[in-house]
Amino acid sequence: MNANQADSPRDCPTSAESWLVRLHAPDCGPAERAAFEHWRAQHPDHAQAYAQAERLHANAALLAGDPLLRAASLAARRRTAARRDQRRLLARLLPMAVAASVLLAFGVPYLLRGTHVDHGGFSRRYASATELPRRLTLDDGTQMILDADSTVTTHFDAQRRLVTLERGRAEFAVAHAAAPFEVHAGGNVIRDTGTVFQVSKERDAVVVGLLAGSVEVTHGQQTQALSPAQQLRIAADGSSAVVGALDTQAAQAWGQGELVFRERRLDSLLAEMNRYSDTKLLLGDQRLADLRISGSFHAGDQQALVKALDAGWGLRAVTTGSHELTLYPGSPSNAGGARR
């Protein structure tokens with residue numbers, strides 16, 4: 001944290017609630033956002049705590065039009081008018097947290113913050129933590145499946161429907177409308193014409209997979225059209241864009257909470273499984289990273305994966321933290337077992 005504090009124009013917060021206030025402040029700059037990302041990555045508890053704080057704040061925004069909540073918020077602001085800025089801002093979150101608890105009692109399954117913008121448009125932000133994929137309906141009627149550890153923002157107005165994938169993965173079954181539908185991810189633009197497609201923003205690439213209909217993908221100065229059961233993998237640095245066959249079984253499975261892997265590198269497989277659980281699986285020996293694994297696993301079921309890796313590949317798991325298991329090679333007699 002000290003390094004980020006040195007880069008930041010102000011002292012950095014140390015709690016999820018304080019970060020929530022800072023990030024929504026009008027003068028929050030790039031240095032503070034970078035410090036926040038560093039803080040969130042320091043420990044899984046940080047990311048979980050921030051997701052919970054944002055859930056309370058975001059869901060409460062949906063009830064902003066309720067007259068009783070407006071009155072409660074106004075009363076709270078008047079009572080805290082003499083306090084210092086940060087304490088006053090935090091106090092304003094309290095009535096929103098009460099409102100959010102009402103929403104959560106009715107099973108609101110995702111994080112959402114909505115804001116009216118100029119020219120009759122509307123923007124929203126959807127984010128998920130370590131949970132199973134969620135099926136949501138966007139403002140235009142488009143059906144979206146949002147994967148774990150994923151964030152999208154939407155902006156819909158009379159001229160266009162724009163979705164930005166900030167991180168993670170999402171599927172879109174696009175509703176027909178006069179305004180064009182676009183998804184932006186890592187500088188690439190995916191344009192739809194009545195389609196079911198998926199977009200994944202990975203560390204080293206953006207991947208677009210088409211299940212039905214047609215899309216056009218613009219990357220750099222080039223535009224490519226995809227046909228059903230095709231995918232386009234665009235390197236994060238724009239150095240390459242390769243069209244290949246889409247594994248439709250795997251593409252359809254993750255939206256149901258099932259993950260299908262075919263000869264997947266173990267390090268990549270663990271990274272994907274870790275998105276769905278607070279218990280993280282790590283490699284104690286980097287020579288294991290290139291192991292090729294095939295199988296089908298339920299998202300978030302880390303114990304089932306550990307058992308499969310033990311039975312099929314001779315790996316053993318050692319508890320190395322309260323929410324951490326580290327994988328090591330097993331005995332030579334167990335290694336190289338039959339694959340699932």
Side-chain angles (χ1 to χ4, degrees), residues 1-4 14-16 19 35-53 127-134 147-151 167-169 200-205 207 247 250 253-340:
M1 183 63 70
N2 293 337
N4 284 285
T14 57
S15 69
W19 270 118
F36 164 71
E37 293 297 341
H38 177 77
W39 173 84
R40 184 165 61 174
Q42 279 183 325
H43 196 281
D45 288 348
H46 290 181
Q48 184 177 10
Y50 184 79
Q52 291 173 343
S128 62
T130 53
E131 55 192 16
L132 292 179
R134 300 294 186 180
D147 204 359
D149 191 26
S150 301
T151 303
R167 73 174 190 272
R169 175 166 59 180
S200 176
K201 188 176 182 183
E202 304 171 359
R203 178 178 301 178
D204 60 345
V207 181
D247 186 338
W254 72 260
Q256 307 295 327
E258 297 293 330
L259 302 179
V260 177
F261 302 103
R262 305 187 196 281
E263 294 296 310
R264 179 73 70 88
R265 282 176 55 100
L266 180 57
D267 55 354
S268 174
L269 183 151
L270 294 183
E272 184 159 353
M273 286 290 289
N274 284 344
R275 294 170 59 183
Y276 301 90
S277 176
D278 292 331
T279 299
K280 307 304 180 185
L281 300 180
L282 308 177
L283 292 178
D285 186 336
Q286 288 304 310
R287 292 175 297 178
L288 299 175
D290 196 42
L291 275 180
R292 300 291 169 162
I293 309 296
S294 295
S296 177
F297 304 96
H298 185 66
D301 193 346
Q302 305 291 66
Q303 290 301 325
L305 175 60
V306 166
K307 291 179 180 178
L309 293 174
D310 177 25
W313 289 269
L315 305 186
R316 59 187 176 90
V318 177
T319 300
T320 51
S322 58
H323 297 284
E324 183 179 283
L325 295 173
T326 301
L327 297 172
Y328 295 94
S331 62
S333 60
N334 291 333
R339 297 186 177 185
R340 292 182 61 183

Ignoring hydrogens and geometry beyond distance, is a side-chain donor-acceptor pair present between Arg167 and Thr151 at under 3.5 Å? yes
With sequence neighbours left out, the residues meeting side chain to side chain donor-acceptor pair (under 3.5 Å) with Asp301 are none
| request: Would you confirm whether Thr326, through its side chain, and Leu282, through its main-chain N or O, come within 3.5 Å as a donor-acceptor pair? | output: no
When rounded to the nearest 0.5 Å, the distance separating NE2 of His298 from OH of Tyr276 is 10.5 Å
On a heavy-atom basis, the closest approach of Arg316 and Pro329 is NE-O, 3.3 Å
Residue set satisfying side chain to side chain donor-acceptor pair (under 3.5 Å) with Glu324, at least two apart, ordered chain then number -> Thr320
request  = Answer whether the closest heavy-atom distance between the side chains of Gln303 and Leu325 falls below 4.5 Å.
outcome  = yes
Ser15 meets the side chain to side chain donor-acceptor pair (under 3.5 Å) criterion, sequence neighbours left out, with Ser18
- prompt: Any donor and acceptor pair, going by atom type alone, linking the side chain of Arg169 with main-chain N or O of Asp147 inside 3.5 Å?
  reply: no
Side-chain donor/acceptor of Ser268 to backbone N/O of Leu266, under 3.5 Å: no
Looking only at heavy atoms, the pair that brings Ser294 and Trp313 closest together is O-CH2, 3.7 Å
When every non-hydrogen atom of Val260 is compared with those of Ala253, the smallest separation belongs to CG2-CB, 3.8 Å
Between the CZ atom in Arg265 and the CG atom in Leu270, the distance rounded to the nearest 0.5 Å is 11.0 Å
In this structure, OG of Ser128 is separated from CZ of Arg275 (nearest 0.5 Å) by 8.0 Å
Rounded to the nearest 0.5 Å, the CG atom of Asp285 sits from the CG atom of Leu327 at a distance of 10.5 Å
### Sidechain-backbone polar pair: His323 side chain, Lys280 backbone, donor-acceptor under 3.5 Å
no
Closest heavy-atom pair, Gly255 versus Pro133, reported as atoms and distance to 0.1 Å, is O-CB, 4.1 Å
Value for CZ (Phe261) from CZ (Arg292), rounded to nearest 0.5 Å, stands at 13.5 Å
Distance col, row Glu272:CD vs Glu202:CD, nearest 0.5 angstrom, shows 8.0 Å
- prompt: Are the side chains of Leu269 and Leu291 in touch, meaning some heavy atoms are under 4.5 Å apart?
  reply: no
For this session: Given side-chain contact (heavy atoms from CB on, under 4.5 Å), test Leu315 with Asp310 step by step and report yes or no.
Result: CA-CA 5 Å; Leu315 305 186; Asp310 177 25; 5.9 Å; no
